[in-house]
Amino acid sequence: MTKLTKKQLSNRLKHNAANYDVGYATPPASGKFQKGKSGNPKGRPKGVKNKPRPAYDEPFYDIIFEEAYRDVPIKEGDKILTISTAAAVMRSIGLKAMKGEPRSQKLFAEILLTTEAKKLKDHVEYFEALLDYKRDATAELERRAKHGLTDLPPVLPHPDHIILNMRTGEARIHGPVSEEELKMLERAKRTRAVQIDELQCLNDALKLAIEEGNQAAVIDLKEMIQRDQRLFETVDKFVKLFEPA
C-alpha cells in the first residue's frame, strides 16, 4: 500500500468534496457564514483577551536556575562525584570536544570565548567603578577635613580599603561597606582585644600551676586555653576579612 503524504491526503479530500453538495470544505447552506454578518456577533468574552505578562513575572526563570544548579551524580573512574547540572553539561561537551567531535569543539570554543569576554568586560567595568569611587571618596574626605566636618556619616567603603592593582588588574574592597558592618567590625575588635588579654592571663596561670605541680589546675587551665583560643581564632578570622593586609 502506498503511503500518502499529508499534502496528498488534503488534495484527495478536496477533490472528493468537489463531487458532493455537502462535504469537506463544502458545508450545507444553513451552516455557511452570511455575507456581511459576523460569525461571532457578541465578540470575545471579557477577560479572555491575551494580556502581556511582566518580563520577570515568570516562575520559568526560577525553574531554569534551579535545574541548572541542581546537584547530580556522575561517575568518574571508580568514583561517584556530585556536581551541578550545568557543570555536568559543560563536562559532557568538553569530553566530546576532546574526542574530536567537530560540533562539540565549535560549541565549547564559542562558550569559552563568550564567557571570557563577558568576564573581562564585567571586571573592567568593576575596576573603573572602584577607581572612580576611590577618587571621589578621597576628595570627600579631604573636603571634610578642610572644613572641619566631623558630624557626618562615615564614608563607606573607605577609599583606603579600595585595593586596586594596575599591573595585575586586581580590584577588591577589603573593609566594611555599610555602617552595620562597621559596627560589627568594631565589636569584633573589642572582643579580640579582650580575648588576647584573657589568653595571656590564662597562660601565666598555667605556667604557675606547672611550677607548683598542681596537675588538676593544669588540666583545667589547658581546657580553658583551648576554648578561648578557638573563640579568638574565630573572631580574628572575622576581623581579618575587613582589615587591609
Side-chain angles (χ1 to χ4, degrees), residues 65-66 69-88 91 119 122-123 126-127 129-131 133-138 140-142 144-145 148-245:
F65 285 117
E66 181 179 347
Y69 297 106
R70 179 169 59 88
D71 289 340
V72 293
I74 66 165
K75 188 174 182 180
E76 188 172 85
D78 297 330
K79 298 180 180 180
I80 300 296
L81 304 178
T82 301
I83 61 177
S84 68
T85 302
R91 178 170 295 201
K119 183 178 180 181
D122 291 344
H123 181 75
Y126 182 65
F127 190 99
L130 286 184
L131 185 62
Y133 174 85
K134 187 180 180 74
R135 182 187 61 246
D136 295 342
T138 300
E140 172 60 16
L141 289 176
E142 291 174 352
R144 294 183 181 190
L149 303 175
T150 58
D151 57 344
L152 296 176
V155 175
L156 296 172
H158 193 281
D160 290 345
H161 296 164
I162 305 295
I163 311 300
L164 299 173
N165 190 319
M166 295 293 185
R167 293 183 182 277
T168 64
E170 179 186 15
R172 60 188 174 91
I173 301 174
H174 203 120
V177 298
S178 66
E179 291 190 44
E180 182 180 359
E181 284 190 354
L182 181 60
K183 291 177 181 178
M184 291 173 60
L185 178 58
E186 290 172 348
R187 286 198 300 268
K189 285 183 177 180
R190 290 194 296 268
T191 301
R192 183 176 64 172
V194 170
Q195 287 301 121
I196 291 174
D197 291 339
E198 288 187 358
L199 283 169
Q200 184 61 52
C201 291
L202 288 172
N203 278 295
D204 291 342
L206 177 61
K207 290 179 181 178
L208 181 60
I210 292 174
E211 291 174 359
E212 295 177 347
N214 190 339
Q215 292 301 318
V218 168
I219 294 174
D220 291 341
L221 286 167
K222 284 184 177 180
E223 291 179 355
M224 294 172 66
I225 290 172
Q226 289 178 354
R227 180 197 62 201
D228 282 22
Q229 183 65 35
R230 287 194 297 268
L231 177 59
F232 169 78
E233 290 173 356
T234 301
V235 175
D236 186 60
K237 185 177 180 180
F238 175 80
V239 170
K240 287 179 178 178
L241 289 174
F242 297 96
E243 288 186 329

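Residues take their numbers from the sequence shown, with the count starting at 1.
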Student: Quick one: CG on D220 to CG on L202, what's the gap to the nearest 0.5 Å?
Tutor: 11.0 Å
Student: For residues E181 and P176, report the shortest heavy-atom separation together with the two atoms involved.
Tutor: OE1-CA, 3.4 Å
Student: Taking side chain as C-beta onward, heavy atoms only, is I173 less than 4.5 Å from I162?
Tutor: yes
Student: Quick one: pull up OG1 in T191 and CG in D236 and give me the separation to the nearest 0.5 Å.
Tutor: 12.0 Å
Student: Do V194 and R190 come within less than 4.5 Å of each other through their side chains, counting heavy atoms only?
Tutor: no
Student: Taking the inter-plane angle between the rings of Y69 and F65 on a 0 to 90° scale, is it parallel (under 30°), tilted (30 to 60°) or perpendicular (over 60°)?
Tutor: parallel
Student: Looking only at heavy atoms, what is the nearest atom pair of P153 and R144, with distance?
Tutor: O-NH1, 2.7 Å
Student: Any non-hydrogen side-chain atom of L81 less than 4.5 Å from a side-chain atom of R91?
Tutor: yes
Student: If every non-hydrogen atom of A188 is compared with every non-hydrogen atom of V235, which pair is closest and at what distance?
Tutor: O-CG1, 3.2 Å
Student: At their closest point, which heavy atom of P73 faces which heavy atom of I80, and how far apart are they?
Tutor: CB-CG2, 4.0 Å
Student: Using side-chain heavy atoms (C-beta onward) and a distance below 4.5 Å, is T234 in contact with Q195?
Tutor: no
Student: Just how far is it from atom NE2 of H158 to atom NZ of K134, taken to the nearest 0.5 Å?
Tutor: 9.0 Å
Student: Between atom CD1 of I219 and atom CG of N214, what is the distance when rounded to the nearest 0.5 Å?
Tutor: 9.5 Å
Student: Where do N165 and F127 come nearest, in terms of heavy atoms and distance?
Tutor: O-CE1, 3.9 Å
Student: Per the side chain to side chain donor-acceptor pair (under 3.5 Å) rule, which among K237, Q229, R230 passes with E233?
Tutor: Q229
Student: Take M184 and F238 through the side-chain contact (heavy atoms from CB on, under 4.5 Å) test and state the conclusion after the steps.
Tutor: CA-CA 10 Å; M184 291 173 60; F238 175 80; 3.8 Å; yes
Student: Measure the CG-CE distance between L221 and M224 for me, rounded to the nearest 0.5 Å.
Tutor: 6.0 Å
Student: Could E211 and K207 be called an ion pair, given the rule that one side-chain N must be under 4.0 Å from one carboxylate O?
Tutor: no
Student: Are any non-hydrogen side-chain atoms of V218 and L206 less than 4.5 angstrom apart?
Tutor: yes
Student: Provide the closest heavy-atom pair for K240 versus H174 in the form atom of the first, atom of the second, distance.
Tutor: O-NE2, 3.0 Å
Student: State the CD1-CD distance between I210 and Q215, to the nearest 0.5 angstrom.
Tutor: 8.5 Å
